[in-house]
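Taking it in order: structure first as structure tokens, then the write-up.
Convention: sequence-line order gives letters A, B, ...; per-chain numbering from 1.
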There are 2 protein chains.
Amino acid sequence: MPRQGLDKEAVIEYAAMLADEIGFSNITLKLLAERMNIKSPSLYKHIDGLDSLKKELMIYGYKLLEGMIIDKVMGKSGDDAVRALCNAYYELATNRSGVFQAMENYRRFVDEESKQATDGIFKVTSKIFSVYDLSPVQKAHLVRTFRGFLQGFLTLAANHLFTDSIDIKESFDLSVDVLIAGIAYLNK
Amino acid sequence: MPRQGLDKEAVIEYAAMLADEIGFSNITLKLLAERMNIKSPSLYKHIDGLDSLKKELMIYGYKLLEGMIIDKVMGKSGDDAVRALCNAYYELATNRSGVFQAMENYRRFVDEESKQATDGIFKVTSKIFSVYDLSPVQKAHLVRTFRGFLQGFLTLAANHLFTDSIDIKESFDLSVDVLIAGIAYLNK
DNA sequence: TATAATGGCTAATATGATTAGCTTTTAGAA
DNA sequence: TTCTAAAAGCTAATCATATTAGCCATTATA
């Protein structure tokens, strides 16, 4: 029986696809192994178990998002850059819903690796807010404001929890406008 | 062996306490049963299994929150009422973290009972925003803005995903101020 | 007081994570 | 090219937990 060229990265990629398809919380090693045409114990040659895999998926998500943000924000500044940042989140939540779920769902590990992954987003976001006339502390708060909104709104949307029939992208855009308008409050 | 006066409500209360203590996702029927001094199969006399219990816990959370909001908002209006609403969320997330976590777990349950539970919050929130001069559609969008922010910010905070050391309540208050300031943008 | 419902129990089953230990492939050195 | 060791897979076994089945004691009520 010949081998596939599997490694840790490949396992995470498969897991990410599986998460997008069936939902992050429904992932099992059994299912993942079936998808990969191997047996579940073989996964342990690449990863440290289900918990660890979920952590990896979270980190994968943060890195992916960081790239998408940089990509979209490139060449923009001010309010436009903020909107681009928000749209990057929107796209991730829409196109990679399982990976997006991993980013907020994983709460057991607060280690150095996870911290570095989120730090990337923090730095990029922070930089985008640098055009506004804010103190470093205000800027840090504002990063949290946006991150909280983006994570929460998009999670609620992804899970069909906005039960009325109003268009979600319109709500999203309006919300972003409200937030951007609110930034002026900090400049007093 | 005499019996305790256990029923469905009691099981949910115990489960809520356990969730607050060890985290929603760490709940097991085994642990819960131990806490209640019964064996895990006995739980099935009151609930339909772990998944169903988690749904009950989510509904419990929404009802609890609704009560807390009404309580805090009572007698307030305008921006003060909005702040009170936000603080009710904050308190729930802080003091009943396990229950709060249950509320973000609704994604697997989109049934009539769950819908009614969230509808309560929607109505209260909507009413609070009625003092602003907004169209019904704008109001509906704004409810989503706040709900998204509150759910997301507090989830990230509860999951320790805000890695820098800045005070979380300060970030929260500033965020709420930014949002409230942003509402003015809609009145043009 | 007799009886039915209730709430608890133990034993058994199912699923999935994880571990142990074996075998084959593969990479790299001699 | 051949040998060797690591790597990547496998099967079998173990463990933990959820869940089901069916039994028995308590409790409430007719």
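- Separating the CG atom of B:Asp7 from the P atom of D:dT27 is a distance of 15 Å, rounded to the nearest angstrom.
- Within the 4.0 Å cut-off from OP1 or OP2 of D:dC10, at least one side-chain nitrogen or oxygen of A:Ser42 is found.
- Heavy-atom distances to DNA chain D give each of B:Leu31 and A:Ser40 a nearest nucleotide, and the one nearer the 5′ end belongs to A:Ser40.
- In this structure, B:Asp48 places its CG atom where only 12 or fewer heavy-atom neighbours from other residues, nucleotides or ligands lie under 6.0 Å away.
- Per the geometry, NZ belonging to B:Lys54 stands 13 Å off P belonging to D:dT17, to the nearest Å.
- If you measure from atom CG of B:Leu50 to atom P of C:dA14, you get 20 Å, rounded to the nearest angstrom.
- B:Lys45 comes within 4.0 angstrom of a nucleotide base, judged by non-hydrogen atoms across all strands.
- To the nearest angstrom, C1' of C:dT18 lies 11 Å from CD1 of A:Ile47.
- Rounded to whole Å, the distance from CD on B:Glu34 to C1' on D:dA18 is 14 Å.
- Not a single donor-acceptor pair under 3.5 Å links the side chain of A:Asp164 to the backbone N or O of A:Ile166.
- The phosphate of D:dA7 (OP1 or OP2) has no side-chain N or O of A:His46 nearer than 4.0 angstrom.
- Aromatic rings of B:Phe153 and B:Phe162 (six-membered ring for Trp) have centroids within the 6.0 Å cut-off, being under it.
- Between C:dC9 and B:Lys39, no contact under 4.0 Å exists linking OP1 or OP2 to a side-chain N or O.
- Between the CG atom of B:Leu43 and the P atom of D:dT19 there is a distance of 10 Å, rounded to whole Å.
- Outside the 6.0 Å centre-distance limit, the rings of A:Phe100 and A:Phe24 are not counted as a close aromatic pair.
- What separates CG of A:Leu32 from P of C:dG16 is a distance of 13 Å, to the nearest Å.
- In this structure, A:Leu29 atom CG and C:dG16 atom P are separated by 11 Å, rounded to whole Å.
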